[in-house]
There are 2 protein chains.
Amino acid sequence: MYKVNDKEYKCSVALTSDIFNDKWKLSIIWHLLSEEKRFKELHEIMSDITQKTLTVKLKELEAKNIINREVYPQVPPKVVYSLTPAGARLKGVFKEMYNWGISYASEHGEVTSEDNDVCCDTYIANKIGINK
Amino acid sequence: MYKVNDKEYKCSVALTSDIFNDKWKLSIIWHLLSEEKRFKELHEIMSDITQKTLTVKLKELEAKNIINREVYPQVPPKVVYSLTPAGARLKGVFKEMYNWGISYASEHGEVTSEDNDVCCDTYIANKIGINK
DNA sequence: CCGCATCCTCATCGATACTG
DNA sequence: CAGTATCGATGAGGATGCGG
């Protein structure tokens with residue numbers, strides 16, 4: 001049994017999956033793996049999340065010590081989000097997810113385009129060195 | 001871009017996280033990693049899931065070719081669930097999640113008991129060889 | 001034993017508008 | 001630019017009962 005922030009978990013996988021059972025958190029972390037980003041940058045990349053929801057999710061991740069929030073006291077405001085060491089360690093999980101997804105798609109799906117979007121996939125995978 | 005079962009994904013991580021963004025699926029797969037199980041066994045281990053929800057989740061996983069469903073035509077009925085090759089390949093992801101959870105708990109949480117419950121953690125980790 | 005059918009609750013997320 | 005506030009929609013999951 002583990003206790004983190006007043007929440008109890010039966011095992012370490014349950015603890016980890018608490019971060020993963022979420023529509024947005026994984027995506028936010030994924031985009032921060034390559035480099036820190038401003039609020040606006042994140043919002044532009046994740047075009048289908050609302051500003052409010054993004055704010056909420058960033059707060060939750062900050063509370064769990066997965067990301068850092070740094071405020072520059074200037075006008076207009078500038079707030080930069082980056083991964084903590086704990087957040088950065090999630091790279092190993094993403095690497096496995098990345099490779100599993102590729103093998104699964106080759107079995108059960110089809111590749112509809114080989115994009116190199118700044119949003120995802122090969123672009124980020126290359127950047128953070130999990131490609132292969 | 002990947003297309004699997006009429007659903008489009010921008011990247012392989014998004015594809016994988018489609019399985020993970022769920023309150024129960026990860027837990028079901030985790031319990032099937034060590035060995036196949038009957039419906040009732042799963043229900044007993046995952047004591048806080050309702051029968052209906054378990055049924056729904058098993059169907060979803062079956063539709064995605066993550067698990068097999070084998071019906072023994074007998075009375076009373078016997079239905080056994082097991083992982084497909086694709087499901088079994090998720091072990092690598094779990095291994096990373098397992099280790100991340102442990103390191104995270106050692107930083108930000110506390111170990112409240114060293115259980116060896118059949119439910120989780122060290123018990124299953126040992127069984128499927130992802131311990132350490 | 002296993003699963004389906006209803007009905008219902010409630011957290012999560014979206015739309016929109018407004019502030020320092 | 002980076003939030004907050006309010007209200008409303010929606011859909012996953014829970015409770016219960018029935019059936020092969």
Side-chain angles (χ1 to χ4, degrees), chain A residues 5-10 14 17-32 35-64 66-83, chain B residues 5-7 10 14 17-32 35-64 66-83:
Chain A
N5 305 329
D6 294 329
K7 232 173 152 180
E8 294 222 327
Y9 302 94
K10 284 190 290 197
S17 75
D18 208 36
I19 296 169
F20 286 63
N21 290 147
D22 188 281
K23 190 175 173 185
W24 300 112
K25 291 204 185 82
L26 274 187
S27 184
I28 293 171
I29 297 167
W30 173 251
H31 291 301
L32 290 178
E35 57 189 359
E36 61 177 33
K37 286 189 174 61
R38 296 182 62 166
F39 183 88
K40 196 191 178 185
E41 294 179 285
L42 276 173
H43 195 200
E44 282 171 355
I45 296 175
M46 304 172 60
S47 47
D48 42 2
I49 192 175
T50 60
Q51 201 176 35
K52 172 200 154 188
T53 303
L54 181 55
T55 302
V56 170
K57 293 306 162 185
L58 286 168
K59 273 194 174 164
E60 289 174 5
L61 286 170
E62 190 195 1
K64 294 190 183 203
I66 307 294
I67 64 174
N68 296 309
R69 179 175 186 271
E70 192 180 358
V71 183
Y72 293 74
Q74 61 183 46
V75 180
K78 176 179 172 182
V79 180
V80 172
Y81 294 92
S82 58
L83 294 180
Chain B
N5 305 328
D6 294 330
K7 232 174 152 180
K10 283 189 290 195
S17 76
D18 208 36
I19 296 167
F20 286 63
N21 290 148
D22 189 282
K23 190 175 173 184
W24 299 113
K25 290 202 185 86
L26 274 186
S27 185
I28 293 171
I29 297 167
W30 174 250
H31 292 302
L32 290 178
E35 58 188 359
E36 60 177 35
K37 285 191 173 61
R38 297 183 61 167
F39 183 89
K40 197 192 177 185
E41 294 179 284
L42 276 173
H43 196 202
E44 283 170 354
I45 296 175
M46 303 172 59
S47 47
D48 41 2
I49 192 175
T50 60
Q51 203 176 33
K52 173 204 154 188
T53 303
L54 181 54
T55 303
V56 170
K57 295 303 162 187
L58 287 168
K59 272 196 172 163
E60 290 174 3
L61 286 170
E62 190 195 1
K64 294 190 184 204
I66 307 295
I67 64 173
N68 296 308
R69 178 176 188 271
E70 193 179 358
V71 182
Y72 293 75
Q74 62 183 47
V75 180
K78 175 178 172 181
V79 181
V80 173
Y81 295 92
S82 58
L83 294 180

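In what follows, chains carry the letters A, B, and so on, assigned in the order in which the sequence lines appear, proteins first and then strands, with residues in each chain numbered from 1.
- One finds a side-chain N or O of A/Arg38 lying less than 4.0 angstrom from the OP1 or OP2 phosphate oxygen of D/dA2.
- Minimum atom distance to the side chain of B/Lys23 is reached by D/dG13, of the listed C/dG14, D/dC1, D/dG13.
- Remark: A/Thr55 engages no residue in a side-chain hydrogen bond (donor to acceptor under 3.5 Å, both in side chains) (not counting sequence neighbours).
- Each of D/dC1, C/dG14, C/dC2 was ranked by its minimum atom distance to the side chain of A/Pro76; first place goes to D/dC1.
- In terms of position along DNA chain D, the nucleotide closest to A/Tyr81 lies nearer the 5' end than the nucleotide closest to the other residue of the pair A/Tyr81 and B/Asp48.
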Checklist entry - Can A/Ile45 and A/Lys37 be said to form a side chain to side chain contact (heavy atoms under 4.5 Å, CB included), step by step? => result CA-CA 10 Å; A/Ile45 296 175; A/Lys37 286 189 174 61; 3.4 Å; yes
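- The interatomic distance linking A/Lys59 (NZ) with C/dT12 (P) rounds to 15 Å, in whole Å.
- Listed by first and then second residue, the salt bridge (charged side-chain N to carboxylate O under 4.0 Å, His left out) pairs that reach into residues 49-61 of chain B are B/Asp22-B/Lys57, B/Lys25-B/Glu60, B/Lys57-B/Glu60, sequence neighbours excluded.
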Checklist outcome for this item: Per-nucleotide protein contact along nucleotides 15-20 of chain D, 5' to 3', at a 4.0 Å heavy-atom cut-off (B base, S sugar-phosphate only, - neither), is B----B
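- Distance CD (A/Gln74) to P (D/dG3): 13 Å, rounded to an integer number of Å.
- Annotation: side chain of B/Glu62 is not in contact with side chain of B/Lys64 (no heavy-atom distance under 4.5 Å).
- We find that CD of B/Glu62 is positioned 15 Å from P of C/dC2, with the value rounded to whole Å.
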Just list the side-chain donor-acceptor pairs under 3.5 Å for residues 67-82 of chain B, sequence neighbours left out, or say none.
from    : atom 1 : to      : atom 2 : distance (Å)
B/Arg69 : NE     : B/Tyr81 : OH     : 3.2

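- Whole-Å rounding puts the B/Leu54 CG to C/dG3 C1' distance at 10 Å.
- Across the protein-nucleic acid pair, B/Glu60 atom CD and D/dG13 atom P stand 7 Å apart, rounded to whole Å.
- OP1 or OP2 of D/dC1 lies within a sub-4.0 Å distance of a side-chain N or O belonging to A/Lys40.
- With sequence neighbours excluded, no residue forms a side-chain hydrogen bond (donor to acceptor under 3.5 Å, both in side chains) with B/Asn21.
- Separating the CG atom of B/Leu42 from the C1' atom of C/dC2 is a distance of 12 Å, rounded to the nearest angstrom.
- Within 4.0 Å of B/Tyr72, counting heavy atoms only, lies no atom of the nucleic acid at all.
- Rounded to whole Å, the distance from CZ on A/Phe39 to C1' on D/dT4 is 11 Å.
- If you measure from atom CG of A/Asn21 to atom P of D/dG13, you get 9 Å, rounded to the nearest angstrom.
- When all heavy atoms of A/Leu42 and A/His31 are compared, the closest pair comes out as CD2-CB, 4.0 Å.
- Contact annotation: the side chain of B/Leu26 never approaches that of B/Ile19 to less than 4.5 Å [non-hydrogen atoms, C-beta and beyond].
- Checked by atom type and distance alone, the side chain of B/Ser27 never pairs as donor or acceptor with a backbone atom of B/Trp24 at under 3.5 Å.
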Pull out every protein N or O sitting under 3.5 Å from an N or O of nucleotides 9-11 of chain C, one pair per line with the distance.
none

